[in-house]
Amino acid sequence: MEIKASGTPTSSIVTAGAELRRLQADSGIEYLFLNRGINAVCPINLSEVIKTVDFNSPEVQYYPGSRGKAGLITAINNEYFNGNTQNKNIIVTAGGISGLDVTFQNINVDKVLLPSFFWGTYTKVFTIRHLNYDFYDSLTELQALKNSKQKIAVVICDPNNPLGIKLKDEDLVETIYHLNNIGVITVLDSPYRRVYFDKKDDFYQKIGMLENVIIVESFSKSVGLSGFRTGFVHSVVPEFIEEFAKRILYATNGVNALSQVIIEKLLNSPEGIKAVQDFKSKTVNDISLNIKYLIDHKLIPAELYESKDAMGIFMVVNVSEEILKKNYIGSVPLHYFTEKFKDRVKDYARICVSVPHPKFTSFFNALINKG
Ligand SMILES: Cc1ncc(COP(=O)(O)O)c(C=O)c1O
């Protein structure tokens, strides 16, 4: 049959992951899969929450509606906006990726600006959706943008994937207000933020009410449920939400009802709140210890971090992917995450630091002791 090729390259990260699993199976030696982008310190314990779900109910078994379940939307409003937005500004998505994909179908822009170090999936989506893109190096560069005839959107990912750098909230707010005032759309895609922050965080309230801001969120990282394929998008522009609802309806017929029921319980039932708190505190504890280990052992490239805060689930190490692999550690070469600085970072790799600290140290101690 004749097909319409999208021109999107196959993800090298997926191929490299399959190769690592093959190496482990063939050698019988355990590998540490730091090439992945998941929180793996511990699973979230859903046992108590599941007991409260009625699997025989229409709520679980029937179509969930195109905008998402009302109960989940109210819970999202309370958790992420302290109840200060309107439920009609929120729409449930099939994870962050579906929020991004539908957002980029939905906005009329000439180009999208990405951070110089970016999650490679963005450009894959842009290829499929025929969008132009370019890069920015810093918030200062965005603050210097002026009103122009060109219609621009900017993606902000903070803490950043792949660097794990967290910029200051004041600087982000100032930049996003400036972009809003000059008619540039901010797509805020920060799924790692809520691993660290909880309900008390008012960042989304500060910027979410601006016309040119679209918040894309996900439950994949913040509560460790990437398998649930659930997230949400927030915008105060009714036409954006209406069009979004149509696009997602005719692509999915609604987002998985069971996932929505369980996530609602995680956000607003006593059992759920406890499960999330336990998950986040264990996860953040081990991530922080792992980052400290890397800093103490001078395993991070100083020029990338300078005096910046690191708090994502990822870090970049000054060890190449090949050397890490020889030491049974999976990683992704950093040059996969940049088009601008490929040469400069060719000996560095991105690792996921969200794994149990004792395991992390045992693999890295072995690497260091080898010399
Ligand atoms: C920066 C960034 N945005 C969005 C996502 C989307 O994740 P999901 O589709 O699982 O919600 C990811 C996943 O790795 C990511 O790294």
Side-chain angles (χ1 to χ4, degrees), residues 37-83 85-103 105-106 189 191-192 194-195 198-199 204 215-235 241-283:
I38 51 167
N39 280 311
V41 172
C42 59
I44 183 162
N45 186 350
L46 296 180
S47 310
E48 294 306 312
V49 175
I50 295 300
K51 287 181 195 157
T52 68
V53 175
D54 180 0
F55 287 85
N56 295 328
S57 63
E59 231 211 327
V60 165
Q61 296 193 357
Y62 297 159
Y63 287 120
S66 63
R67 290 186 181 215
K69 288 185 165 292
L72 175 59
I73 290 177
T74 301
I76 291 171
N77 191 349
N78 289 331
E79 177 73 23
Y80 288 80
F81 300 90
N82 201 25
T85 189
Q86 296 187 41
N87 282 4
K88 66 181 173 59
N89 298 338
I90 298 169
I91 189 157
V92 177
T93 63
I97 186 66
S98 110
L100 289 164
D101 181 41
V102 179
T103 292
Q105 291 173 51
N106 219 8
D189 175 42
Y192 304 99
R194 281 286 176 133
V195 177
D198 60 19
K199 215 178 164 159
Y204 287 162
I215 296 170
V216 179
E217 254 294 354
S218 166
F219 298 101
S220 290
K221 322 289 172 170
S222 58
V223 295
L225 292 174
S226 53
F228 277 41
R229 308 308 311 130
T230 308
F232 70 89
V233 157
H234 178 278
S235 159
I241 294 287
E242 268 155 39
E243 189 60 34
F244 196 110
K246 287 179 209 159
R247 290 183 193 268
I248 203 161
L249 174 65
Y250 296 117
T252 62
N253 259 351
V255 173
N256 187 308
L258 178 57
S259 303
Q260 292 192 54
V261 167
I262 295 174
I263 291 171
E264 180 190 335
K265 288 180 185 291
L266 287 179
L267 299 183
N268 68 12
S269 75
E271 304 83 5
I273 292 168
K274 179 166 183 328
V276 171
Q277 277 168 351
D278 288 351
F279 168 79
K280 283 193 188 179
S281 71
K282 284 190 198 124
T283 299

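Counting from 1, the numbers follow the sequence of the chain as shown. Keep in mind the model is a prediction, meaning the values are calculated, not measured.
Here the side chains of Lys88 and Glu242 are not in contact, with every heavy-atom distance at 4.5 Å or above. Proximity of Val92 to Thr230: side-chain heavy atoms (C-beta onward) are separated by under 4.5 Å at one or more points. The closest side-chain heavy-atom distance from Ser218 to Arg194 is not below 4.5 Å. Proximity of Asn39 to Phe279: side-chain heavy atoms (C-beta onward) are separated by under 4.5 Å at one or more points. Residues Ile76 and Glu217 fail the side-chain proximity criterion, which asks for heavy atoms closer than 4.5 Å. Considering only heavy atoms from C-beta on, Phe219 stays 4.5 Å or farther from Leu266 through its side chain. Taking the side chain as every heavy atom from C-beta outward, Leu100 and Val233 never approach each other to under 4.5 Å. Two residues are said to be in side-chain contact when any heavy atoms from C-beta on lie closer than 4.5 Å; Leu267 and Asn78 fail this criterion.
The two atoms that bring Thr93 and Ser98 nearest to each other are CB-OG, 3.4 Å, heavy atoms only.
Asn77 places a side-chain N or O within donor-acceptor distance of the main-chain N or O of Thr85, the cut-off being under 3.5 Å. Distance alone, capped at 3.5 Å, places no donor-acceptor pair between the Lys221 side chain and the Ser226 backbone.
With rounding to the nearest 0.5 Å, the separation of OG in Ser66 from CG in Asn253 is 9.5 Å. Within the model, atoms OH of Tyr80 and CD1 of Ile90 stand 10.5 Å from one another, a figure rounded to the nearest 0.5 Å.
Residue pairs meeting the ring pair (Phe, Tyr, Trp, His ring centres under 6.0 Å) criterion with at least one partner in residues 242-267, sequence neighbours excluded, are Phe240-Phe244. Within the structure, the side-chain hydrogen bond (donor to acceptor under 3.5 Å, both in side chains) test picks out the following pairs touching residues 255-281 (sequence neighbours left out): Asn256-Ser259, Ser269-Glu271, Lys274-Asp278.
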Determine whether Ile97 and Arg229 satisfy the following criterion, side-chain contact (heavy atoms from CB on, under 4.5 Å), listing intermediate values before the conclusion.
CA-CA 9 Å; Ile97 186 66; Arg229 308 308 311 130; 3.3 Å; yes
Walk me through whether Thr74 and Asn87 qualify under side chain to side chain donor-acceptor pair (under 3.5 Å).
CA-CA 6 Å; Thr74 301; Asn87 282 4; 3.0 Å; yes
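Using a cutoff of 4.0 Å between basic side-chain nitrogens and carboxylate oxygens, Arg247 and Glu243 are scored as salt-bridged.
Ring pair His234/Phe81: centre-to-centre distance below 6.0 Å.
For the side chain to side chain contact (heavy atoms under 4.5 Å, CB included) with Val261, the qualifying choice from Val53, Thr52, Val49 is Val53, the only one to do so.
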